[in-house]
There are 2 protein chains.
Amino acid sequence: MSPTKEDYLKILFELGGRTEQVPNKEIANRLSISPPTVTEMMNSLVKAGWVVYTPYKGSKLTQEGTDYAKKLIRKHRLWEVFLVKHLGFNINEVHPEAELLEHSTSAELADRLEAYLEFPEYCPHGGAISTDLMEEQEDMTVHLTEAVLGVPVRISRIVDEDRLLRYFENHDLKIGDRVTVTGRDSGLDLLTLNHGTTDKEIQISQTIAQYLFVEHI
Amino acid sequence: MSPTKEDYLKILFELGGRTEQVPNKEIANRLSISPPTVTEMMNSLVKAGWVVYTPYKGSKLTQEGTDYAKKLIRKHRLWEVFLVKHLGFNINEVHPEAELLEHSTSAELADRLEAYLEFPEYCPHGGAISTDLMEEQEDMTVHLTEAVLGVPVRISRIVDEDRLLRYFENHDLKIGDRVTVTGRDSGLDLLTLNHGTTDKEIQISQTIAQYLFVEHI
DNA sequence: GTTGATATTTAGGTTACCCTAATATATAAA
DNA sequence: TTTATATATTAGGGTAACCTAAATATCAAC
């Protein structure tokens with residue numbers, strides 16, 4: 001299994017490919033590659049049994065594909081805990097490091113690392129580490145864009161992509177914060193939030209808000 | 001820089017490519033690839049400025065190539081220390097793990113890891129970690145095959161290739177042991193040693209003894 | 001100095017992963 | 001229901017890193 005293929009499986013999981021068909025374009029966007037390359041890769045992943053692909057519709061992970069993706073994400077998050085807790089990295093620096101390390105981590109190494117870290121439940125971005133908890137969390141949390149107007153929620157997880165993390169940091173948003181969606185303007189692609197702690201108004205792009213997960217309180 | 005190219009630089013350093021021309025065949029053997037592939041890769045490494053190549057003779061590392069190789073080896077050895085000291089791995093299990101991790105380790109990560117490990121001097125196989133000490137050690141130590149008959153020496157370093165480590169373990173040899181070469185049979189490719197601690201006679205293949213480094217006491 | 005053994009290179013081919021340009025399909029709007 | 005737009009696929013090409021088979025260079029022995 002190449003790091004490249006592993007990346008496809010992981011992205012597929014992150015885009016909901018466990019339960020829904022993910023269109024090629026979304027994968028192409030997230031990985032910054034051309035759509036024909038995605039088509040080609042999907043055919044290869046189908047042949048290897050990781051993915052079910054319906055031409056012109058999109059791809060879903062098989063059970064094997066889902067399990068593989070979850071293991072990768074677990075490794076990624078374990079490294080993030082290590083980098084932050086023991087090596088003193090800043091939360092928004094660890095993603096690219098873990099992105100590399102995850103592909104070089106045997107099952108044995110992951111298990112030993114997990115024990116060494118004393119079985120942490122969450123990564124620094126709020127993502128569940130145990131592969132069982134992972135699916136549960138995926139199902140329970142909701143995109144910020146789907147939160148009901150006026151109902152306060154708690155930010156539980158931020159998709160850990162470098163540029164995104166800096167965007168959220170610049171808007172003073174972090175895990176655990178309570179926010180209330182007060183307005184939605186689809187034309188301008190804007191979401192207006194009230195920050196529970198500071199009571200300030202925050203405006204962020206809806207497209208980007210998709211990468212923020214919230215839980216009801 | 002691809003992991004593949006990094007492996008070539010590292011092997012070149014390990015085979016003495018810092019000071020001498022290394023023939024293609026040795027590289028092909030150590031990496032288990034065909035000689036034509038080595039020729040091809042050497043041309044590409046020359047173009048990138050890592051290597052000076054004389055056709056039909058062999059390759060030498062440039063200063064840049066040497067520095068790059070030393071940084072890789074440092075990362076490799078740092079991971080080995082971490083795996084043994086903190087994750088409880090066995091010495092002969094860590095090589096393949098570190099072999100993967102070294103290619104996924106930024107300079108920043110290596111520095112932080114080194115500080116976390118409290119600046120260890122040597123890896124579990126006896127290899128120096130600081131890039132300065134590394135060359136020094138390389139120059140001072142001598143292959144077991146070159147030790148003078150009857151003169152006791154101390155095993156200082158074992159090239160950490162998985163199969164070799166198991167071979168040395170099976171012959172009850174480890175770092176720090178005092179041994180004396182008592183006989184050499186080139187026809188049978190045999191080296192006879194006297195083990196300083198147990199006073200037992202040990203016979204190992206000369207070919208394999210090349211991967212054992214010793215220091216005079 | 002020719003010969004033979006060994007090492008190296010050249011020639012030609014494969015697979016993985018990426019691309020652009022052109023074509024085809026699906027979907028939403030008129 | 002046709003048409004426009006967005007999305008996906010096919011066709012054709014490129015580079016990196018491997019391979020085998022055949023040709024060539026080196027070097028030591030005669």
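Note that the coordinates shown come from a computational prediction; the quantities given were computed from them, not determined experimentally. Throughout, protein chains are lettered first and strands after them, A, B, ... in sequence-line order, and every chain is numbered starting at 1.
Comparing C:dT20, D:dA17, D:dA21 against the side chain of B:K5 picks out D:dA17 as the nearest. Closest contact between the side chain of B:K57 and the listed nucleotides C:dC17, D:dT26, D:dA21 involves D:dT26. Nearest nucleotide to the side chain of B:P36, out of D:dC18, C:dC19, C:dT9: C:dT9.
Taking the six-membered ring where tryptophan is involved, the planes of A:W79 and B:F82 are tilted, since the angle between them lies from 30° to 60°. The aromatic rings of A:H95 and A:H76 sit tilted, their planes meeting at an angle between 30° and 60°. Ring geometry, B:W50 versus B:Y68: the interplanar angle exceeds 60°, so the pair is classed perpendicular (tilted spans 30 to 60°).
In this structure, the NZ atom of B:K25 is 15 Å from the C1' atom of D:dT26, given to the nearest Å. Rounded to whole Å, atom P of D:dA17 lies 12 Å from atom NE2 of B:H103. Separating the CE atom of B:M1 from the P atom of D:dA17 is a distance of 9 Å, rounded to the nearest angstrom. The nearest whole Å value for the distance from the CD1 atom in B:I27 to the P atom in D:dC18 is 13 Å. Here D:dA16 presents its C1' atom at 13 Å from CD1 of B:I33, a figure rounded to the nearest Å. B:M42 places its CE atom 12 Å from the P atom of D:dA17, with the value rounded to the nearest Å. A:Q21 places its CD atom 16 Å from the P atom of D:dT7, with the value rounded to the nearest Å. Taking atom OH of A:Y53 as the reference point, atom P of D:dA8 lies 7 Å away to the nearest angstrom.
Between A:T37 and C:dC17 there is no side-chain N or O to OP1 or OP2 distance below 4.0 Å. Between A:T39 and D:dT9, a side-chain N or O to OP1/OP2 separation shorter than 4.0 Å is present. Side-chain nitrogen and oxygen atoms of A:S34 include at least one within less than 4.0 Å of the OP1 or OP2 phosphate oxygen of C:dC19. Using a 4.0 Å cut-off, some side-chain N or O of A:S2 falls inside it from OP1 or OP2 of C:dC17. Look at B:Y56 and you won't find any side-chain N or O under 4.0 angstrom from OP1 or OP2 of D:dA23.
The nearest heavy atom of DNA chain D to A:N24 and to B:M41 marks one nucleotide each, and the one closer to the 5' end goes with A:N24. For the pair B:E40 and B:P23, nearest-nucleotide mapping onto DNA chain C gives the more 5' position to B:P23.
Within a 6.0 Å sphere centred on NZ of B:K85, heavy atoms belonging to other residues, nucleotides or ligands number more than 12.
The structure places OG1 of A:T192 at 9.5 Å from CG of A:L149, a figure rounded to the nearest 0.5 Å.
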